[in-house]
Asker: 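Let me give you the structure first, and then I'll get to my questions.
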Protein chains: 2
Amino acid sequence: MTHYSDQRAYFFKIDTTIKKIRNALQKQLNEGGFDLTVDQWVLIDHIKRAPSISQNELAELTFKDPPTVTRIIDLLEKKGLVERAPAAGDRRKFNLFLTEKGADTYREAFPIVAEIRRKGWGDLEETDYQHFVRIMDSIYQNFN
Amino acid sequence: MTHYSDQRAYFFKIDTTIKKIRNALQKQLNEGGFDLTVDQWVLIDHIKRAPSISQNELAELTFKDPPTVTRIIDLLEKKGLVERAPAAGDRRKFNLFLTEKGADTYREAFPIVAEIRRKGWGDLEETDYQHFVRIMDSIYQNFN
DNA sequence: ACACATTAGTTCGTCTACTAATAGTTAAGC
DNA sequence: GCTTAACTATTAGTAGACGAACTAATGTGT
């Protein structure tokens with residue numbers, strides 16, 4: 001029970017750290033005048049990188065559930081940032097694209113996101129990153 | 001831009017890892033027949049460790065907002081696991097306690113939580129834990 | 001060709017996160 | 001002492017997470 005792996009700390013630390021990052025990014029997006037949540041940004045980012053992606057593919061890539069993706073895309077479509085185009089050859093599917101307005105938003109918001117990432121990592125080093133990836137991947141894999 | 005700290009990876013890895021842990025724990029709680037969410041467990045755990053704690057103190061400790069704590073405590077009270085007692089000397093406050101049923105639930109659910117923590121950490125070592133804590137704390141502090 | 005399973009997306013219900021606004025209470029300053 | 005500020009908890013509204021159940025379309029086996 002007193003062994004380090006039994007402490008609540010690691011669960012708790014991951015949780016509070018991701019909250020901190022999300023809050024910082026959300027605050028910057030708000031102050032930049034963007035009507036965007038962090039999760040909405042994440043989907044826009046993926047669509048920008050893989051235009052014509054389907055909702056299910058998006059769900060897999062972002063580790064969100066299909067219903068969650070549906071709802072976020074609904075919102076982005078309402079704002080005119082994303083477009084659902086019927087997929088050729090499969091009438092169940094949609095191909096997702098950024099609208100012109102969506103592409104503009106991406107371009108304008110990107111520097112804010114990049115700055116938050118840079119700020120969060122601070123002066124941690126390459127070897128820290130290797131430790132970080134190894135430990136996180138290990139925890140993740142332990143649940144597979 | 002190609003520098004490691006600019007990758008989306010670290011944000012993404014933290015996010016997916018905490019999701020994985022939460023899902024694993026929730027699944028175990030469900031399979032164990034507990035009518036408890038992960039967040040509800042977190043509050044029960046804190047009340048167990050600090051009986052008579054107030055809602056605001058609980059919010060600070062768990063990094064949840066006061067309205068969130070209010071709602072979760074409402075649910076736990078409805079289930080008969082937690083009790084709100086008026087605080088002596090300050091009629092705005094409540095002192096929170098586990099009911100007998102709440103204490104039973106804690107005792108029964110604890111092994112499940114401990115097992116998930118153990119499983120997640122796997123065979124990572126003490127030095128890994130030190131790296132982990134240092135890196136997480138660093139990211140966290142970079143936003144203060 | 002037809003029953004059957006699978007896939008893509010949606011709807012619904014419950015829960016948590018966060019903001020803003022509010023009631024009621026207590027503390028502080030002049 | 002009295003006004004004002006600060007604090008504790010709550011309510012309301014929007015957004016997101018997730019599971020279950022559903023519709024419509026597609027694929028497979030015989």
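Just so we're on the same page: letters track the sequence lines, and every chain starts at 1. Because the structure is a prediction, the values reported are computed rather than measured.
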Asker: For A:Ile14, run the side chain to side chain contact (heavy atoms under 4.5 Å, CB included) check against A:Tyr10, A:Phe11, A:Phe12 and tell me which one passes.
Answerer: A:Tyr10
Asker: Near DNA chain C, under 4.0 Å by heavy atom, which residues of residues 53-74 of chain B?
Answerer: B:Lys64, B:Asp65, B:Pro67, B:Thr68, B:Arg71, B:Ile72
Asker: Checking A:Arg91 now: which residues fulfil side-chain hydrogen bond (donor to acceptor under 3.5 Å, both in side chains) with it, not counting sequence neighbours?
Answerer: none
Asker: Quick one: ring pair (Phe, Tyr, Trp, His ring centres under 6.0 Å) partners of B:Tyr140, sequence neighbours excluded?
Answerer: none
Asker: Ring pair (Phe, Tyr, Trp, His ring centres under 6.0 Å), that's the test. Do A:Trp41 and A:Phe34 meet it? Break it down for me.
Answerer: CA-CA 10 Å; A:Trp41 163 262; A:Phe34 293 96; 8.4 Å; no
Asker: Going 5' to 3' along DNA chain D, which nucleotides are the first and last within contact of chain A (any atom under 4.0 Å from a heavy atom)?
Answerer: D:dA15 to D:dT26
Asker: In chain order, what residues pass the side-chain contact (heavy atoms from CB on, under 4.5 Å) check against A:Ala87, with sequence neighbours excluded?
Answerer: A:Lys93, A:Asn95
Asker: With sequence neighbours left out, what residues match A:Ile53 under side-chain contact (heavy atoms from CB on, under 4.5 Å)?
Answerer: A:Ile47, A:Ala50, A:Glu57, A:Leu58, A:Leu61, A:Leu96
Asker: Can you list the residues that meet the ring pair (Phe, Tyr, Trp, His ring centres under 6.0 Å) rule with B:Phe94, with sequence neighbours excluded?
Answerer: none
Asker: Could you tell me whether A:Lys101 and A:Asp104 make a salt bridge, using a distance below 4.0 angstrom between a side-chain N and a carboxylate O?
Answerer: no
Asker: Please list residues of residues 18-36 of chain A whose heavy atoms come under 4.0 Å from any atom in DNA chain D, ordered by number; otherwise none.
Answerer: none
Asker: In a table with atom names and distances, give each donor-acceptor pair under 3.5 Å that connects a side chain of residues 66-73 of chain B to protein atoms at least two apart or in another chain.
Answerer:
{"from": "B:Thr70", "atom 1": "OG1", "to": "B:Gln55", "atom 2": "NE2", "distance (Å)": "3.4"}
{"from": "B:Thr70", "atom 1": "OG1", "to": "B:Pro66", "atom 2": "O", "distance (Å)": "3.2"}

Asker: Taking only residues two or more places apart in sequence or in another chain, which ones pass side-chain contact (heavy atoms from CB on, under 4.5 Å) with B:Glu77?
Answerer: B:Arg84
Asker: Going by side-chain contact (heavy atoms from CB on, under 4.5 Å), name the residues that satisfy it together with B:Lys27, two or more places apart in sequence or in a different chain.
Answerer: B:Glu31
Asker: Please tabulate, one pair per line, each protein N/O and nucleotide N/O from nucleotides 22-25 of chain C that are separated by under 3.5 Å, including the distance.
Answerer:
{"from": "C:dT25", "atom 1": "O2", "to": "B:Arg92", "atom 2": "NH1", "distance (Å)": "3.1"}

